[in-house]
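The block underneath contains the structure these notes are about, expressed in structure tokens.
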Protein chains: 4
Amino acid sequence: MISEVFITCALTGAGTAVERSPHVPVTPEQIAQSAIEAARAGAAVVHIHVRDPKTRRGTRDPAMYREVVQRIRESDVNPLINLTAGMGGDLVLGDPESPLPLNPAGTDMAGVRERLVHVEELRPEICTLDCGSMNWGAGSQYVMVNTAGTLRAMAARVKELGVRPELEVFDIGHLVLVRDLIEQGLIDNPALIQLCMGIRYGAPDDPTTLMALVHQLPPQAIYSAFSIGRMQLPYVALAPLVGANVRVGLEDNLYLSRGRLATNAELAQRAVEILERMGVRVMSPDEVRKKLALQVHV
Amino acid sequence: MISEVFITCALTGAGTAVERSPHVPVTPEQIAQSAIEAARAGAAVVHIHVRDPKTRRGTRDPAMYREVVQRIRESDVNPLINLTAGMGGDLVLGDPESPLPLNPAGTDMAGVRERLVHVEELRPEICTLDCGSMNWGAGSQYVMVNTAGTLRAMAARVKELGVRPELEVFDIGHLVLVRDLIEQGLIDNPALIQLCMGIRYGAPDDPTTLMALVHQLPPQAIYSAFSIGRMQLPYVALAPLVGANVRVGLEDNLYLSRGRLATNAELAQRAVEILERMGVRVMSPDEVRKKLALQVHV
Amino acid sequence: MISEVFITCALTGAGTAVERSPHVPVTPEQIAQSAIEAARAGAAVVHIHVRDPKTRRGTRDPAMYREVVQRIRESDVNPLINLTAGMGGDLVLGDPESPLPLNPAGTDMAGVRERLVHVEELRPEICTLDCGSMNWGAGSQYVMVNTAGTLRAMAARVKELGVRPELEVFDIGHLVLVRDLIEQGLIDNPALIQLCMGIRYGAPDDPTTLMALVHQLPPQAIYSAFSIGRMQLPYVALAPLVGANVRVGLEDNLYLSRGRLATNAELAQRAVEILERMGVRVMSPDEVRKKLALQVHV
Amino acid sequence: MISEVFITCALTGAGTAVERSPHVPVTPEQIAQSAIEAARAGAAVVHIHVRDPKTRRGTRDPAMYREVVQRIRESDVNPLINLTAGMGGDLVLGDPESPLPLNPAGTDMAGVRERLVHVEELRPEICTLDCGSMNWGAGSQYVMVNTAGTLRAMAARVKELGVRPELEVFDIGHLVLVRDLIEQGLIDNPALIQLCMGIRYGAPDDPTTLMALVHQLPPQAIYSAFSIGRMQLPYVALAPLVGANVRVGLEDNLYLSRGRLATNAELAQRAVEILERMGVRVMSPDEVRKKLALQVHV
């Protein structure tokens with residue numbers, strides 16, 4: 001149990017959620033506005049993807065990131081900015097009888113530099129590294145691909161840029177890779193880790209699996225844990241009990257309660273309400289900065 | 001704890017072990033001979049890959065499987081034959097700065113029918129399905145790729161062939177996929193599952209992780225658990241304590257003890273010695289057939 | 001995870017809490033009033049000890065129980081009444097150099113019939129059985145004593161009376177005794193179990209220990225879990241995530257937040273607030289009766 | 001996993017095993033002889049109770065301990081001598097309807113000095129402390145009683161005597177008491193702990209419970225784990241996988257295999273065989289002394 005936690009709000013993701021809720025922000029202006037409102041509601045960290053305003057799906061366009069980040073930095077709130085570097089690891093095979101050639105629709109495999117161009121330009125306090133490859137979602141030919149070699153190169157580059165990587169762990173083997181990156185000197189101590197639970201076909205979100213992940217964490221790690229869909233809010237309560245910080249947001253869950261669509265600010269506020277009623281204090285952005293001993297780049 | 005177990009011997013695999021031990025069988029004749037000796041030493045199931053006698057690496061050549069299986073079937077032992085269907089899910093990316101195009105050296109992505117052509121012809125009692133995608137091995141650009149869509153198609157095909165699939169689980173999320181396959185009616189009950197521990201970057205082999213996997217198993221599953229390298233023989237002892245059957249063999253471990261290279265028969269015999277000294281009975285092939293209620297194809 | 005839970009409010013206990021908070025009810029009238037208010041705030045079950053109004057400590061006086069129960073039954077709320085049968089298992093040894101004779105101050109070892117006289121008379125829907133012996137509290141010569149023989153006799157008597165026993169489990173070995181009572185036919189299925197965590201020197205309240213207890217539960221058990229002191233409210237959130245119902249109340253915790261003394265109603269209301277914000281529905285008394293298929297005695 | 005372990009042999013205990021096997025040693029001469037043979041077979045530590053040659057049950061008679069210890073010390077083997085200090089914590093209640101007065105038959109509650117008189121005289125390298133109170137055995141009125149106050153006094157006295165206490169843990173709450181003793185400065189670091197599994201009604205011996213205990217251990221603890229009856233030999237294999245040393249012996253288990261009664265030497269030898277076949281080295285007494293940094297008293 002920890003007595004104070006920080007809340008990350010994952011604002012929009014890159015997926016199809018936008019079709020299921022009008023509250024999922026799409027344009028840079030909408031994403032920035034949602035970030036600002038989530039920060040006012042209690043999120044100390046905002047985790048940011050951007051979307052192409054035309055297709056409304058995720059994009060790696062640096063101009064989009066630039067606009068979002070500038071708008072947040074010019075606002076009257078100062079959340080830690082956490083930019084995804086997960087885009088560019090999408091591989092879609094042909095059908096099961098003809099897996100090759102790859103299916104160009106959906107495949108987006110970028111090189112290390114290209115995946116980090118927005119991080120290089122904008123120097124956020126945090127960017128993510130998705131620490132492995134796995135099937136993602138039922139029934140499809142899609143694989144999230146981040147090889148060990150690519151992750152080592154990305155970690156080295158992020159370190160060079162002076163940005164703190166948040167290591168996204170989707171299954172327990174990904175923690176073995178995290179430990180290897182630390183041993184290889186590619187991640188500074190304490191590592192910042194996000195345990196992403198309940199995503200098909202990564203680690204399920206039952207408490208026994210979560211505890212197995214927690215017992216595999218590297219010493220001194222600062223970590224968060226979340227689950228998706230209807231388990232997002234219960235995980236807000238569970239996280240501090242296992243020593244973890246909290247993540248909410250429309251990337252992972254669209255609902256405040258059954259049938260009631262949420263905004264990011266509502267989810268952040270709900271997290272605050274749950275935590276305070278449990279006796280867990282919610283940290284401010286500057287408290288998180290101090291905790292992470294982050295180098296601030298402005 | 002279970003009071004009787006069966007031993008699977010994984011004879012050779014497809015990897016580079018052949019360069020590190022003269023006992024790793026390569027030719028069909030060697031592989032069959034090693035299977036026969038392992039069966040005599042106590043293995044009820046032999047798990048078979050084949051190797052190209054020239055390159056000494058794994059191949060999918062049906063003629064090789066045919067020769068191995070015929071030689072075993074003509075022998076005076078009758079182990080259950082378990083043919084890998086894992087070959088054909090190998091994907092190697094270009095380097096981290098240029099992940100595409102794929103690296104043809106090492107990439108072998110086959111369609112479902114092609115991956116099962118030896119199973120279709122030889123109708124072994126068991127064939128494997130590797131239940132997910134993941135990085136495999138440190139530092140490389142290699143990914144083991146088995147999409148959810150491909151696995152559903154493979155499971156359907158294997159069922160059609162009347163062969164019992166052994167579901168290879170390398171991380172805890174793979175068990176979620178196994179459960180989905182069962183719910184979709186693609187796997188007959190009871191499911192036969194192999195928990196493959198300690199392979200980089202799948203589930204590590206600490207007991208807490210193993211217990212998390214065990215608690216995620218589908219009801220009534222018949223399962224085995226093994227780890228690799230120097231943890232292979234300790235896992236022989238651990239397996240029955242968590243309700244699991246046993247796997248040994250040169251695919252996963254080359255040593256009988258520090259510095260002492262093993263044969264498959266020696267590893268099977270060693271497993272028998274450990275199990276019997278713990279009070280665990282080792283099952284014969286026919287007892288395993290009865291337990292699995294396998295349809296025998298000869 | 002379960003999507004609906006019931007809340008038990010443990011109103012007063014038998015200990016020294018009364019000296020640390022003015023809100024701990026003492027007289028039968030106070031205890032009944034506190035029960036009624038807790039029920040209005042969301043508690044479906046009220047767990048009742050009584051206190052001697054003079055000494056303000058726990059007593060077994062049936063007249064006290066009678067008054068509390070009558071007042072609740074005559075009120076406009078209808079919580080399930082859960083009477084402790086834990087009193088009468090208190091043993092205090094002499095000092096460490098002279099453990100015998102027993103210290104009469106604090107020793108209260110009653111026979112089975114006597115421990116259940118109030119249960120026999122008042123036929124509550126539920127009474128507790130403390131399922132073992134253990135040290136209770138640091139540094140003292142006190143032992144909570146409930147032998148296996150006594151528990152078998154108590155379970156048989158409670159069954160005869162048509163009352164549902166709630167099996168209080170303070171350490172993991174107590175669950176082994178619970179399973180034995182079930183196997184001996186002394187407890188009707190489904191067993192009603194309370195996992196009491198964090199009491200010195202019973203099971204600590206870390207999540208790994210809790211999961212070990214949960215994995216030892218008998219099949220189909222209906223169970224709750226709570227911890228004490230500042231962990232009471234976090235456990236409200238944790239309980240449904242491990243399939244458990246909830247217990248709050250001044251017997252276990254005096255504070256709503258740091259430095260802010262609580263009433264029973266405030267604790268019950270706080271539990272409701274946490275649960276609803278997590279998406280967990282709180283059950284009414286009649287829903288609990290239906291779930292337990294309790295025989296009602298009025 | 002640890003790669004080398006020491007074996008403790010628990011030679012005889014105090015219970016009724018003597019009636020079920022002719023190999024359970026009774027007289028000081030027999031016990032010493034069994035210790036010597038167990039040491040020759042691989043036990044680095046011998047855990048010793050003594051029995052009254054007339055009643056054949058456990059006794060606290062210092063003369064018996066003296067004879068056993070002298071005979072071992074004069075032999076050509078030098079195992080670490082571990083004397084029980086568990087005797088003198090036996091409390092038997094009257095029947096369930098009349099728990100008091102205590103039943104003199106079976107009750108043996110001794111003061112701290114008296115429980116340690118043989119330890120004071122003989123200064124073994126190790127003596128045990130049973131770290132709690134609990135029901136022991138099904139259906140009876142017996143309680144093992146070691147209050148928190150008594151344990152603090154015993155720990156202080158044992159420290160004064162310069163003897164290393166082995167902390168016997170029978171349920172998970174006992175580990176909380178162990179941690180308190182360490183925090184109070186009553187136990188020197190590293191603590192020596194024995195996890196005693198499967199004794200009714202202490203912690204059951206399933207691996208999930210064992211892992212919960214292991215996760216509660218104080219940092220740097222040197223610990224062993226065993227279970228009883230038919231689970232003794234499987235636990236020999238399990239122990240090193242969870243970082244634990246090994247205990248066998250007739251106090252806990254009478255059989256080498258189903259229907260085949262064992263001697264202590266046979267059980268020690270069997271443990272060696274299992275461990276060596278798993279690749280785990282068995283430590284000599286002097287290696288254990290070095291590991292424990294024991295002060296030797298001769």
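Quick note on labels: first sequence line is chain A, next is B, and so on, each numbered from 1.
- In this structure, no portion of Asp95(C) lies under 4.5 Å from any heavy atom of chain D.
- Of the atoms belonging to Leu210(C), not a single heavy atom falls under 4.5 Å from chain D.
- For chain C, the option among Leu175(D), Thr107(D), Asn146(D) with the highest count of heavy-atom pairs below 4.5 Å is Asn146(D).
- Contact annotation for Val143(D): only side-chain heavy atoms (C-beta onward) come within less than 4.5 Å of a heavy atom of chain C.
- Only the side chain of Arg200(D) has a heavy atom closer than 4.5 Å to any heavy atom of chain C.
- Residues Leu102(D) and Leu102(C) have side chains in contact (heavy-atom distance under 4.5 Å, counting atoms from C-beta outward).
- One distance of note links OH of Tyr142(C) with OG of Ser133(D); it measures 11.0 Å at 0.5 Å rounding.
- At a threshold of 4.5 Å between non-hydrogen side-chain atoms, the residues Met211(D) and Thr208(C) do not count as touching.
- Side chains of Thr150(D) and Gln141(C) form a contact here, defined as non-hydrogen atoms less than 4.5 Å apart.
- Within the model, atoms CD of Glu97(D) and CZ of Arg115(C) stand 11.0 Å from one another, a figure rounded to the nearest 0.5 Å.
- Atom CZ of residue Arg113(D) and atom OG of residue Ser98(C) lie 12.5 Å apart, to the nearest 0.5 angstrom.
- For Ile199(D), no part sits under 4.5 Å from any heavy atom of chain C, backbone or side chain.
- Between the side chains of Asn135(D) and Thr147(C), no donor N or O sits under 3.5 Å from an acceptor N or O.
- Interatomic distance, CG of Asp206(D) versus NE2 of His215(C), reported as 9.5 Å (0.5 Å rounding).
- Within 6.0 Å of CZ in Arg230(C) there are 12 or fewer heavy atoms belonging to other residues, nucleotides or ligands.
- With a threshold of 4.5 angstrom between heavy atoms, Val145(D) approaches chain C through side-chain atoms but not through N, CA, C or O.
- Tyr201(C) and Asp180(D) share a side-chain donor-acceptor pair at under 3.5 Å.
- For the atom pair Ile172(C) CD1 and Ile172(D) CD1, the distance stands at 6.5 Å (nearest 0.5 Å).
- Heavy atoms of Leu177(D) lying under 4.5 Å from chain C belong to its backbone as well as its side chain.
- For Ala153(D), the part lying under 4.5 angstrom from a heavy atom of chain C is the side chain only.
- Ranked by heavy-atom pairs shorter than 4.5 Å toward chain C, the options Gly94(D), Gly111(D), Gly173(D), Ala110(D) are led by Gly173(D).
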